[in-house]
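Each residue takes its place number in the sequence, starting with 1.
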Amino acid sequence: MLLLPQSFSSLLKNNDYLQKLFICCSAIHTHHGIPRYFANRAQRRKARFWERNFCAVSCRHAEQVLGQQTALIPEISKNSVNPNTIFANNEMSLDNIEIYGFDYDYTLAFYSRRLHTLIFNIARDILIQEHRYPEGLQEYEYTPDFVIRGLHYDVQKALLMKIDAFHYIQLGTVYRGLHPVPDKEVIAMYDGSHVPLENMSDFYGKSSHGHTMKQYMDIFSLPEMNLLCCVNDYFMKHNIDYEPVHLYKDVKAAIGDVHVKGILYRNYISYGEQTHAVLKKLYEDGKKMFLITNSPFDFVDRGMNYIVGTEWRELFDIVIVQADKPGFFNDRRKPFRRVTDKGVLHWDRIHKLEKGNIYKQGNLYEFLRLTGWRGSKVLYFGDHIYSDLADLTLKHGWRTGAIIPELRKEVKIMNTKEYVHLMTWLQGLTGLIEHMQVHRDPASQAVVQEWIKEREAMRSQTKNIFNAQFGSLFRTYHNPTYFSRRLSRFADIYMASLSCLLNYDFQHTFFPRRTPLQHESPFWPEQTSAGQLSQSAYADTQPGKP
């Protein structure tokens, strides 16, 4: 048995339940890599504080806390998550899928971080040369790990932040320029931390029609967020009065010029994570395949020649470029147009989408009419939750797969001992607070307040493991992020890359994990909360009960 400090042991020797409580706490601190309270002078002072105050915590209180046995402090799971797993939001069987569709960028082809640096540098120079921004911006360079995907930008206030699934700002993740904004200032500006729905961006994350928030869902948006922060930082550092709306639009235009003018397409490095093996496996199994991308053909052709081979077009039944998604899924007016390998446009009307040809623009309704590929027999993969997947699942009943390259890194972090230890103690500590908060005597409340302070510190520490500024792509401190909620709504399955498909056969069924709703009885102890105590236990916890 793990030993507690002698002073605590003497306090606990006459009470088995209270002793269990401190043994659990001691075990967590000792074995989870988290410093115990009693290692140095400051921690010994905290130990004396606990000793003094826990003398007043009755045996009945401790019995209530530990009445669910190990429910409050879960055991560390020894099973790590495979980063190459395909995760399911909705039950789906590959046996029912006959047709596979793909986006190109960050779905079939990936890019090195040097490309983001290139986009940042070129857009920064466009601001200086074409929009007459200060030449001093040249001192700023792209910082790869400064931002994450899914963040919101308040166009009016020039603030970058992370928002959760319930429209609450995660305090501690609000940045003006390159510096965090104090929580008190954020609360004052937003009259709390909630962002009303009418201020949020539209369905596709764009800021228009009076919306003040823009959400960045595209991986290519990382350089744009970096550049916004850098220009804001320069103006504030030099006390330059500026209009935030103009800055937002100018940066957006400069980034757009990098893509539209083709600067990006002349300077890229692409690679595919076993893309050829995935496409070959599908082709040999007799699956039909199509490509719908916003990129131009010459760019796609060069990339696919490199990662798949010169015969890549033989694998696809239909290839559509410059599709103008998400407009492709909604605008019925644009017809398909056939183009040659040299980019020459044909004027003839398209009555059939034929293998071996390249088509430009068009719309999904015409695509469905010409192919007859409808409903749940089609599975389409893309990296952009809005422009690639949302309409397909909401309006057309296609099955959807999200490619989330950041997923592999985050899963690897969650598999580390440091993260598991932090989360185990954090969950246990939250459970203790939840159960003990009903006791209003000063001694009990003093201990609970100490736990709350420790919990706040540990939550920040957990955030920093993923990204020092904004934390995890998928979670705020406890809630799913706005990005995560959209992912669960618009994607049947999600994975780090298409290569994950190689781990499954085409009869495999993906099942979402059944996690209990808040009002449902859990099937494993670690998911028990204070609100799920038995009726008798609940009655015993009511303040004032003799």
Side-chain angles (χ1 to χ4, degrees), residues 100-120 122-123 144 148-150 204-206 216-225 252 255-276 278-279 289-308 312-313 315-316 318-329 358-361 380-392 400-408 473 483 487 490-491 494-501:
Y100 287 76
F102 305 92
D103 181 34
Y104 177 70
D105 297 306
Y106 288 104
T107 300
L108 294 176
F110 293 80
Y111 303 92
S112 71
R113 284 190 169 187
R114 284 178 289 175
L115 180 60
H116 289 168
T117 300
L118 179 67
I119 296 172
F120 176 92
I122 295 174
I148 62 173
R149 243 197 321 166
Y204 295 105
K206 297 179 180 179
Y216 289 100
M217 298 290 276
D218 192 342
I219 298 177
F220 279 130
S221 66
L222 298 179
E224 183 174 350
M225 287 187 280
K252 180 181 179 181
I255 292 290
D257 285 345
V258 177
H259 296 274
V260 173
K261 292 182 178 179
I263 300 172
L264 166 63
Y265 306 131
R266 294 194 297 270
N267 304 274
Y268 73 94
I269 300 173
S270 61
Y271 65 97
E273 293 193 352
Q274 296 181 285
T275 296
H276 188 197
V278 173
L279 297 178
M289 290 183 285
F290 64 93
L291 173 65
I292 301 179
T293 176
N294 287 348
S295 297
F297 175 72
D298 60 341
F299 176 58
V300 174
D301 187 49
R302 281 185 288 172
M304 293 296 282
N305 283 338
Y306 176 68
I307 63 180
V308 176
W312 69 270
R313 287 167 58 182
L315 300 174
F316 289 90
I318 299 172
V319 175
I320 300 169
V321 298
Q322 293 177 273
D324 192 28
K325 295 179 293 182
F328 179 88
F329 300 124
I358 306 299
Y359 300 94
K360 178 182 178 181
Q361 293 183 343
Y380 185 79
F381 292 95
D383 70 290
H384 199 298
I385 308 301
Y386 294 150
S387 63
D388 284 330
L389 308 179
D391 284 316
L392 294 177
T400 52
I403 305 299
I404 313 293
E406 303 95 331
L407 181 62
R408 183 171 285 118
L473 172 64
F483 175 93
L487 173 66
F490 300 142
Y494 64 100
M495 65 210 75
S497 75
L498 280 176
S499 63
C500 299
L501 277 172

Non-hydrogen side-chain atoms of [X] and [Y] separated by less than 4.5 Å:
{"X": "I320", "Y": "F328", "value": "yes"}
{"X": "D383", "Y": "D218", "value": "yes"}
{"X": "Y359", "Y": "V321", "value": "no"}
{"X": "M304", "Y": "F316", "value": "yes"}
{"X": "F120", "Y": "E224", "value": "no"}
{"X": "M495", "Y": "F381", "value": "yes"}
{"X": "L291", "Y": "L108", "value": "yes"}
{"X": "L222", "Y": "Y216", "value": "no"}

Given the side-chain rings of Y111 and Y106, with only the six-membered ring counted for Trp, is the space between their centroids under 6.0 Å?
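Distance test on ring centres: under 6.0 Å, yes.
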task: Could you go through the side chain to side chain contact (heavy atoms under 4.5 Å, CB included) check for F110 and L115 one step at a time?
output: CA-CA 10 Å; F110 293 80; L115 180 60; over 6 Å; no
Got a second to check how far [X]'s [atom1] is from [Y]'s [atom2], nearest 0.5 Å?
{"X": "Y386", "Y": "F483", "atom1": "OH", "atom2": "CZ", "answer": "9.0 Å"}
{"X": "F290", "Y": "I318", "atom1": "CZ", "atom2": "CD1", "answer": "7.5 Å"}
{"X": "I148", "Y": "L473", "atom1": "CD1", "atom2": "CG", "answer": "5.5 Å"}
{"X": "S221", "Y": "H384", "atom1": "OG", "atom2": "NE2", "answer": "7.5 Å"}
{"X": "H276", "Y": "L498", "atom1": "NE2", "atom2": "CG", "answer": "13.5 Å"}
{"X": "N294", "Y": "D388", "atom1": "CG", "atom2": "CG", "answer": "7.5 Å"}

- prompt: Who pairs with R408 by side-chain hydrogen bond (donor to acceptor under 3.5 Å, both in side chains), at least two apart in sequence or on another chain?
  reply: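 Result, side-chain hydrogen bond (donor to acceptor under 3.5 Å, both in side chains) vs R408: N84, E273.
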Report the C-alpha distance between D301 and R313 in whole Å, list the side-chain angles of each, state the deciding distance to 0.1 Å, and finish with yes or no for salt bridge (charged side-chain N to carboxylate O under 4.0 Å, His left out).
CA-CA 9 Å; D301 187 49; R313 287 167 58 182; 5.5 Å; no
- E406 and I219: CA distance, side-chain angles, deciding distance, side chain to side chain contact (heavy atoms under 4.5 Å, CB included) verdict: CA-CA 10 Å; E406 303 95 331; I219 298 177; 4.2 Å; yes
Minimum-distance pair of heavy atoms, taken over all atoms of [X] and [Y]:
{"X": "V300", "Y": "W312", "value": "CG1-CH2, 4.2 Å"}
{"X": "I403", "Y": "S497", "value": "CG2-CA, 3.9 Å"}
{"X": "Y380", "Y": "I292", "value": "OH-O, 2.8 Å"}
{"X": "L487", "Y": "A402", "value": "CD1-CB, 3.6 Å"}
{"X": "A491", "Y": "T400", "value": "CA-OG1, 3.3 Å"}
{"X": "Y104", "Y": "G303", "value": "OH-CA, 3.1 Å"}

* Can I385 and I404 be said to form a side chain to side chain contact (heavy atoms under 4.5 Å, CB included), step by step? -> CA-CA 10 Å; I385 308 301; I404 313 293; 4.2 Å; yes
